[in-house]
> 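Right, I'll just put the structure down here and ask away after.
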Amino acid sequence: MNATARITIHSSQFPEQVRRDLLASLRNRRVNHKFHYDSLKQTQKWLAVHEAHSPARRDENCLTAYDRAFLAAAKKIKASQLHILSLGCGGGQKDRRLLGHLNARGRTLFYTPCDVSPAMVLVARQAALAVLPAKNCSPFVCDLATADDLKRFLVTRNPALVTFFGMIPNFEPQQILPQLAALIRPKDWLLFSANLAPGHHYAAGVKQVLPQYDNALTRDWLGTFLADLGVGRGDGRMRFRIADDASNGLKRIAADFRFARPRRINIENDAFEFRAGEIIQLFFSYRYTPGRVRRTLSRHGLEVSAEWIADSGEEGVFLCRRN
Ligand SMILES: C[S@@+](CC[C@H](N)C(=O)[O-])C[C@H]1O[C@@H](n2cnc3c(N)ncnc32)[C@H](O)[C@@H]1O
């Protein structure tokens, strides 16, 4: 293992900006989900949730859907030099498999794992080093939702394959998709994956996957944000529910914390008072169907050219281009 690694950190994740985002989360009673991946502890807990509950880690057939998508993308993309830009790379396990398929075709690969969390980009970088040399790997830390100049840093001369795996559930699509679309040029490719509501009945499908969220590991992971601010388990209760979002016609699973007693949270000189009965939104995860993915992407100029859906119907991978 190399003794050092270089990471570029965009100002959207400089400490003063992160602090402003944290204050906004507490003020608006809506936690920006990036705060669930902030510390090494949270990263480890999220990786444990992912290992235990993500179909992409536990369901062989779901893994096969990814591998089939990666193989097809590797065949379709003819460029001899390719830049893989992984937005919200997490631990980079999917990227590692993708890089393996692309590499088998003997081309030069460059890889930019990109995430809010320095720990995540380092884990993803380490995984990628099995396939490419360290000099072709440039980890990048930023907030994809708020940085408005990412093109300057992330778009290179080489054709790009942008990956956006497991990201769309946690963002309002109308907020993040313009950011994503801006990074994709006409000759680039996008590999996009989404958690889906299985079956033919949307509402029943969302209900079926609720236990993947409402469980001890996920409660422990999401509770860490509040615990680190001094809010104890006895201060209230976490609750998971299915909500309709009228702004986009989608359903999402939302986790809230309801304070059972008054509680003050201090961040240096800023104080936030929560009354008994007040609610803070901790997390949400939209569930799509393949049709909803296609329609949502096309509103932002992105067209699905092929798709691979796990037999469970719970996850899908989509190969897209600009339309
Ligand atoms: C659900 S995980 C998906 C990880 C990985 N792509 C996968 O499929 O395994 C979401 C990832 O997005 C990152 N993330 C959350 N908010 C972000 C933001 N605003 N900008 C960039 N990355 C963000 C988190 O740190 C986390 O690694």
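Numbering starts at 1 and runs along the sequence shown. Here the structure is a predicted model, which is why all the values come from computation and not from measurement. Values reported hereafter were calculated over all heavy atoms of this structure, with side chains retained and with hydrogens, waters and symmetry mates removed.
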> Can you list every pair that meets salt bridge (charged side-chain N to carboxylate O under 4.0 Å, His left out) and has a residue in residues 166-194, with sequence neighbours left out?
Glu172-Arg252, Arg185-Asp188

> If we count only N and O atoms by modelled type, under 3.5 Å, do the side chains of Asp149 and His10 hold a donor and an acceptor together?
yes

> Going by side chain to side chain contact (heavy atoms under 4.5 Å, CB included), name the residues that satisfy it together with Ala119, two or more places apart in sequence or in a different chain.
Leu40, Thr43, Ser117

> Got a list of side-chain donor-acceptor pairs under 3.5 Å for residues 81-90, not counting sequence neighbours?
unit_1 : atom_1 : unit_2 : atom_2 : d
His83  : ND1    : Thr156 : OG1    : 3.0
His83  : NE2    : Thr112 : OG1    : 2.8
Ser86  : OG     : Asp95  : OD1    : 3.4
Ser86  : OG     : Asp95  : OD2    : 2.6
Ser86  : OG     : Thr163 : OG1    : 3.2

> Which pairs, with at least one residue in residues 303-314 and sequence neighbours excluded, count as a salt bridge (charged side-chain N to carboxylate O under 4.0 Å, His left out)?
Arg294-Glu307

> Distance-only criterion, 3.5 Å: show the donor-acceptor pairs between side-chain atoms of residues 198-207 and protein atoms not counting sequence neighbours.
unit_1 : atom_1 : unit_2 : atom_2 : d
His201 : ND1    : Ala204 : N      : 3.1
Tyr202 : OH     : Lys251 : N      : 2.8
Tyr202 : OH     : Arg287 : O      : 2.6

> Return the set of residues passing side chain to side chain donor-acceptor pair (under 3.5 Å) with Asn136 (not counting sequence neighbours), or none when no residue passes.
none

> Could you tell me whether Arg29 sits above the aromatic face of Phe274, with NZ or CZ closer than 6.0 angstrom to the six-membered ring centre and within 45 degrees of the axis?
yes

> I'd like to check the side chain to side chain contact (heavy atoms under 4.5 Å, CB included) partners of Arg157; sequence neighbours left out, ordered by chain and number.
none

> Which other residues belong to the hydrophobic cluster containing Val116, where Ile, Leu, Val, Met, Phe, Trp and Tyr are joined when side-chain heavy atoms lie under 4.5 Å apart, directly or via other members?
none

> List the atom pairs, with distances to 0.1 Å, where a side-chain N or O of residues 236-243 and a protein N or O form a donor-acceptor pair under 3.5 Å, not counting sequence neighbours.
unit_1 : atom_1 : unit_2 : atom_2 : d
Arg239 : NH2    : Asp256 : OD2    : 3.2
Arg241 : NE     : Asp256 : OD2    : 3.0
Arg241 : NH2    : Asp256 : OD2    : 3.4

> Let me see the working for Asp115 and Phe140 under side chain to side chain contact (heavy atoms under 4.5 Å, CB included), right down to the final yes or no.
CA-CA 7 Å; Asp115 205 283; Phe140 191 84; over 6 Å; no

> Any ring pair (Phe, Tyr, Trp, His ring centres under 6.0 Å) involving residues 275-305? Give me the pairs, sequence neighbours left out, ordered by first then second residue.
Trp221-Phe283, Phe284-Tyr286

> Among pairs that include at least one residue of residues 124-146, which meet salt bridge (charged side-chain N to carboxylate O under 4.0 Å, His left out), considering only residues two or more places apart or in two chains?
Lys34-Asp143

> Rounded to the nearest 0.5 Å, how far does OG of Ser138 lie from OH of Tyr111?
10.0 Å

> Supply the members, apart from Ile279, of the Ile/Leu/Val/Met/Phe/Trp/Tyr cluster built from side-chain contacts under 4.5 Å; use none for a lone residue.
none

> Are any side-chain N or O atoms of Gln179 and backbone N or O atoms of Leu144, one a donor and one an acceptor, separated by less than 3.5 Å?
yes

